[in-house]
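Structure record follows, encoded as structure tokens.
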Amino acid sequence: PSACLSTGPQQEQRTFYEFRTYSIRPDQNAAFLKLTNEKIHLRTKHSELIGYWSVEYGGLNQVFHVWKYDSYSQRAAVRAALAQDPSWISEYISKALPMLTSQHNEVNYLVPWSRLKSPPQQGGVYELASFQMRPGGPAVWGSAFQASMLSHDFPGYGKLLGAFHSEFGLLNRVHVLWWFESADHRAEFRHKAHTDARVVAAVRSSVVHLDSQKNQLMFPCPFSPMK
């Protein structure tokens, strides 16, 4: 006989998303964004960029970007090709790295009930909400978390673009990407949600599984596919 232990639905998709956060030297922030705007095409010819944002609130002098890969072997091939790309190295990497103070990456999959969506229109602002859930996995907190997020994805509130769970990085971590018309629209939504009995009930059922939460408000860079 054999036994199988699982903390949630099995991952059906091979596609994963690499989340990368770069911290920039404060005196080099504008220069880094200008260089990246001019040279990002050297990177996107190797693999698909989903979005690239400058963090406005929740992290100063930071950029956040998401890359899509069909498999780990594809990512390995991309990294190997970049290491051998003289234009990428001489025109971008050699200039960009001295501008940075740190780099961080995570591998994430879309949760089974989520699909990556485009914003309803160009412009607006994005929020990345990151939840550190208690150990146990989606079998313990998945349904409550889903209900909480979907209660916010409602006309007059924010637009849910994708919900992701971590595979490499901190485990039991879930990231949710939202779109709003403006920062003021986001503030109005938060006040409205606090008086919405439907939302409050869903959040109360989910928050018992939560250890911590971090929110970042971000503006899309001019070259970001998600604008």
Side-chain angles (χ1 to χ4, degrees), residues 1-21 23 50-51 53 55 57-59 62 64-75 102-117 126-154 157-180 186 189-190 193-218:
S2 61
C4 177
L5 299 179
S6 175
T7 57
Q10 296 297 308
Q11 187 62 47
E12 296 180 356
Q13 301 295 325
R14 297 177 64 193
T15 299
F16 65 87
Y17 300 84
E18 183 176 10
F19 286 16
R20 298 182 74 93
T21 300
S23 296
I50 298 298
W53 297 269
V55 179
Y57 299 110
Q62 289 186 334
F64 171 73
H65 36 126
V66 179
W67 299 85
K68 179 182 177 182
Y69 295 99
D70 295 327
S71 65
Y72 291 100
S73 58
Q74 185 215 354
R75 183 188 183 276
S102 67
Q103 295 174 289
H104 175 75
N105 75 330
E106 288 184 9
V107 168
N108 291 274
Y109 290 95
L110 284 166
V111 298
W113 51 267
S114 177
R115 296 293 180 267
L116 188 61
K117 300 177 182 178
Y126 294 74
E127 180 181 8
L128 182 69
S130 301
F131 303 87
Q132 187 60 48
M133 309 302 290
R134 293 180 180 175
V140 175
W141 45 257
S143 296
F145 184 84
Q146 177 182 356
S148 176
M149 293 303 102
L150 293 182
S151 72
H152 292 79
D153 186 26
F154 200 74
Y157 287 171
K159 178 65 176 178
L160 177 63
L161 301 183
F164 308 80
H165 65 90
S166 61
E167 180 74 10
F168 292 107
L170 288 173
L171 297 182
N172 295 296
R173 197 175 193 188
V174 189
H175 302 281
V176 183
L177 184 64
W178 297 92
W179 178 89
F180 301 93
R186 192 262 181 193
F189 149 69
R190 295 292 294 174
H194 292 160
T195 61
D196 187 326
R198 177 182 54 85
V199 175
V200 171
V203 170
R204 283 178 175 171
S205 297
S206 177
V207 75
V208 296
H209 304 291
L210 179 67
D211 271 344
S212 64
Q213 179 179 344
K214 179 180 179 180
N215 290 36
Q216 294 177 298
L217 195 71
M218 312 181 299

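Please read all numbers here as calculations on a predicted model, not as lab measurements.
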Practice task
Let me see the working for Trp67 and Ile50 under side-chain contact (heavy atoms from CB on, under 4.5 Å), right down to the final yes or no.
Solution key: CA-CA 6 Å; Trp67 299 85; Ile50 298 298; over 6 Å; no
Fill in the blank from the handout: Sorted by chain and number, sequence neighbours left out, side chain to side chain contact (heavy atoms under 4.5 Å, CB included) with Ser71 holds for Arg14, Ser73, Gln74
Problem - Value rounded to 0.5 Å, distance of CZ in Arg20 from NE2 in His104 - result: 10.5 Å
Problem - CZ on Phe180 to NZ on Lys159, rounded to 0.5 Å - result: 12.0 Å
Exercise for the section: Could you tell me the separation between the CG atom of Leu161 and the CZ atom of Arg115, rounded to the nearest 0.5 Å? Expected result: 15.0 Å
Practice task
Could you pull out the closest heavy-atom pair between Val200 and His194, with the gap in Å?
Solution key: CG2-O, 3.7 Å
Practice task
Decide yes or no for Phe189 and His152: does some side-chain heavy atom of the first lie under 4.5 Å from some side-chain heavy atom of the second?
Solution key: yes
Handout entry: Nearest atoms (heavy-atom pairs only) where Tyr109 meets Thr15
Key = CD2-O, 3.2 Å
Practice task
Check whether any side-chain heavy atom of Trp113 sits under 4.5 Å from a side-chain heavy atom of Leu150, and report yes or no.
Solution key: yes
Could you pull out every donor-acceptor pair under 3.5 Å between side chains of residues 136-149 and any protein atom, sequence neighbours left out?
residue, atom, partner, partner atom, Å
Trp141, NE1, Arg134, O, 3.2
Trp141, NE1, Gly137, O, 3.2

Exercise for the section: Identify the two heavy atoms, one from Leu128 and one from Met218, that lie closest to each other, and give their separation to 0.1 Å. Expected result: CB-CE, 4.0 Å
Exercise for the section: Starting at CG of Leu116, measure out to OH of Tyr17 and round the result to the nearest 0.5 Å. Expected result: 5.0 Å
Handout entry: NE2-OG1 distance between His65 and Thr21, expressed to the nearest 0.5 angstrom
Key = 7.0 Å
Completion exercise
Shortest non-hydrogen pair, Ser151 vs Arg198, comes out as O-NH1, 2.8 Å
Practice task
Applying side chain to side chain contact (heavy atoms under 4.5 Å, CB included), name anything that partners Asn108, two or more places apart in sequence or on another chain.
Solution key: Phe19, Glu106, Phe164, Ser166, His175
Practice task
Verify the distance criterion only: is there a donor paired with an acceptor across the side chains of Asn105 and Gln103 at less than 3.5 Å?
Solution key: no
Practice task
Check whether any side-chain heavy atom of Leu177 lies under 4.5 Å from a side-chain heavy atom of Glu127, and answer yes or no.
Solution key: no
Problem - Gap separating the CZ atom of Phe16 from the CD atom of Glu167, nearest 0.5 angstrom - result: 9.5 Å
Exercise for the section: Decide if atom OH of Tyr57 counts as having more than 12 heavy atoms of other residues, nucleotides or ligands within a radius under 6.0 Å. Expected result: no
Problem - Residue pair Glu18, Val66: steps toward the side-chain contact (heavy atoms from CB on, under 4.5 Å) verdict - result: CA-CA 6 Å; Glu18 183 176 10; Val66 179; over 6 Å; no
